[in-house]
Amino acid sequence: MNEPKPSKKYKAKPTPGADQKPVGKPVDPESGESGQRIAKLLARAGVASRREIERMIEAGRIELNGSPVEHPSLKLKNLTGITVDGNPVQEPAPAKLFLFHKPNGYLTAERDFSGRKTIYDVLPDDMERVMPIGRLDLNTEGLLLMTTDGEFKRQMELPKNGIERTYRARTFGDITQNQLEELYKGITVDGMRYAPITANLERSTGRNQWIEITLTEGKNREVRKVLEHFGLKTSRLIRTRYGPFILDDLPKGEIAPVRRHDLVKFRKSLD
């Protein structure tokens with residue numbers, strides 16, 4: 001793998017001064033109620049996730065015709081006149097999806113103020129703006145989907161859509177397949193309820209084993225916490241699949257595009 005590359009930074013603008021008139025909650029006069037919320041439009045354009053856009057609006061980084069936007073609920077028909085950090089925003093292009101093999105030891109974040117490495121240190125310098133779909137913990141490796149479309153990102157992450165994720169976990173401890181089958185009906189760990197999980201004991205050598213786990217929620221550290229519930233210590237965790245998209249033999253640190261035909265087909269299956 002090549003040496004990590006510098007992360008891409010986004011410089012915040014100062015909070016708007018008194019001489020700037022904020023654009024408030026009412027809809028744009030030319031858009032009418034038929035428009036869409038600015039946060040949704042900007043997410044679709046690949047600027048950032050809706051949550052991040054809300055923070056950008058708070059920081060005064062997003063303007064409409066030179067005036068700071070005050071609320072993410074502002075409705076617009078299009079992005080004409082919208083700038084982010086003074087730069088005009090293009091209308092959204094068709095969504096793109098990429099498979100990224102996240103290495104161990106990198107944060108799934110745009111930047112880390114403590115100086116830790118992020119996935120953007122690994123991505124190519126000339127890579128277009130992409131956002132991760134879901135997250136992988138610092139010490140979890142494997143398949144991380146990246147997209148240019150914030151709305152598609154949100155759609156993929158919603159628990160109600162029940163999109164399966166598959167992991168392989170190398171663990172240490174004592175476990176049987178019968179114990180793992182307790183997960184089929186869902187389980188509560190430390191007051192947290194987890195939806196049904198499929199777990200299969202692949203192979204074991206002494207007290208070391210590989211377990212394949214498929215789930216649909218992807219809560220924070222879900223796999224590790226569920227395995228800890230059985231007294232298992234996870235030494236390696238690899239995501240191998242997200243929906244129909246698989247890691248296969250993609251090298252660590254590499255990113256590859258998903259064919260548009262396959263992406264369109266999958267998105268239709270979500271409707």
Side-chain angles (χ1 to χ4, degrees), residues 49-52 54-55 100-109 112 114 116 118-119 131-147 150-247 266 269-271:
S49 67
R50 286 196 193 184
R51 186 173 298 178
E52 180 63 21
E54 289 174 4
R55 287 194 283 263
F100 175 57
H101 189 158
K102 176 191 173 294
N104 185 18
Y106 289 83
L107 287 173
T108 304
D112 181 66
S114 64
R116 291 178 295 178
T118 79
I119 57 173
M131 297 165 280
I133 294 175
R135 291 180 179 272
L136 289 179
D137 296 335
L138 177 69
N139 295 318
T140 301
E141 57 193 283
L143 179 62
L144 184 62
L145 297 180
M146 309 286 291
T147 183
E151 273 305 296
F152 178 53
K153 165 184 166 70
R154 180 173 176 271
Q155 188 179 28
M156 289 286 284
E157 292 173 346
L158 286 174
K160 70 176 184 180
N161 287 329
I163 300 173
E164 292 185 344
R165 294 91 145 158
T166 298
Y167 297 78
R168 293 185 71 236
R170 185 174 66 191
T171 62
F172 176 79
D174 297 310
I175 192 72
T176 65
Q177 182 61 40
N178 284 339
Q179 287 176 290
L180 291 175
E181 287 177 1
E182 294 177 24
L183 298 173
Y184 292 172
K185 296 180 180 179
I187 192 171
T188 300
V189 179
D190 295 332
M192 176 67 72
R193 183 67 184 174
Y194 296 102
I197 297 171
T198 300
N200 293 300
L201 190 59
E202 288 188 338
R203 64 178 187 270
S204 58
T205 305
R207 300 184 70 201
N208 294 285
Q209 58 278 131
W210 281 96
I211 301 172
E212 183 182 71
I213 295 176
T214 298
L215 48 83
T216 58
E217 286 185 314
K219 290 178 178 175
N220 184 39
R221 297 178 61 82
E222 181 170 349
V223 174
R224 295 180 189 275
K225 288 179 179 179
V226 165
L227 294 176
E228 284 173 8
H229 174 73
F230 291 106
L232 299 176
K233 182 177 180 180
T234 301
S235 59
R236 191 176 180 192
L237 186 58
I238 310 166
R239 182 155 69 191
T240 58
R241 180 173 70 92
Y242 197 124
F245 308 105
I246 60 174
L247 182 63
F266 173 65
S269 73
L270 296 178
D271 295 337

For T118 against A109, the heavy-atom pair lying closest together: CB-O, 3.2 Å

Using side chain to side chain donor-acceptor pair (under 3.5 Å) as the criterion, list what pairs up with K102, not counting sequence neighbours. none

Any idea which heavy atoms bring N104 and L138 closest together, and the distance? OD1-O, 3.5 Å

Using side-chain contact (heavy atoms from CB on, under 4.5 Å), reason through D137 and L237 one step at a time and then give a plain yes or no. CA-CA 9 Å; D137 296 335; L237 186 58; 5.7 Å; no

Evaluate the side-chain proximity of L232 to I211: yes if any heavy-atom separation is below 4.5 Å, no if none is. yes

For E52, is there any backbone N or O sitting under 3.5 Å from a side-chain donor or acceptor partner on S49? yes

Look up atom CD1 in I246 and atom OG1 in T240, then write down how far apart they are to the nearest 0.5 Å. 8.5 Å

Applying side chain to side chain donor-acceptor pair (under 3.5 Å), can you list everything that pairs with T188, at least two apart in sequence or on another chain? R193

Heavy-atom nearest pair, Y106 first then I119, reads CB-N, 4.2 Å

To the closest 0.5 Å, what do you measure between CG (L215) and OG1 (T198)? 9.0 Å

Residues in side chain to side chain donor-acceptor pair (under 3.5 Å) with E202, at least two apart? R168

Rounded distance [0.5 Å steps], CE in M156 versus CD1 in I163: 4.5 Å

Is Q177 reaching over with its side chain to a backbone N or O of A199, donor-acceptor style, under 3.5 angstrom? yes

Can you list the steps and then say if R51 with R55 is a side-chain contact (heavy atoms from CB on, under 4.5 Å)? CA-CA 7 Å; R51 186 173 298 178; R55 287 194 283 263; 3.6 Å; yes

One should read off an interatomic distance between I133 CD1 and F245 CZ, to the nearest 0.5 angstrom, of 8.0 Å

Give the intermediate values and the outcome of side-chain contact (heavy atoms from CB on, under 4.5 Å) for residues R224 and T140. CA-CA 10 Å; R224 295 180 189 275; T140 301; 3.2 Å; yes

So do the side chains of H229 and I187 get within less than 4.5 Å of each other, counting heavy atoms only? yes

Can you give me the closest heavy-atom contact between Y184 and P196, atom names plus distance? O-CB, 3.1 Å

Checking E157 side chain against G134 main chain: does a donor-acceptor pair fall under 3.5 Å? yes

Can you measure from CG (L201) to CH2 (W210) and round to the nearest 0.5 angstrom? 12.5 Å

Output for pair (L183 CG, F230 CZ), nearest 0.5 Å, gives 4.0 Å

Would you sort out whether L145 and F152 count as a side-chain contact (heavy atoms from CB on, under 4.5 Å), showing the intermediate values? CA-CA 11 Å; L145 297 180; F152 178 53; over 6 Å; no

Using side-chain contact (heavy atoms from CB on, under 4.5 Å) as the criterion, list what pairs up with E217, not counting sequence neighbours. Y194, A195, K219, E222

Could I get the full list of side chain to side chain donor-acceptor pair (under 3.5 Å) partners for Q179, not counting sequence neighbours? T176

Please name all residues satisfying side-chain contact (heavy atoms from CB on, under 4.5 Å) with S235, sequence neighbours left out, ordered by chain then number. R170

Can you give me the closest heavy-atom contact between T216 and E164, atom names plus distance? CG2-CG, 3.9 Å

Nearest heavy atoms of L227 and A169, plus distance in Å: CD1-CB, 3.7 Å

For Y167, which of E212, R241, R239 qualifies under side chain to side chain donor-acceptor pair (under 3.5 Å)? R239

Check this for me: R207, atom CZ, are more than 12 non-hydrogen atoms of other residues, nucleotides or ligands nearer than 6.0 Å? yes

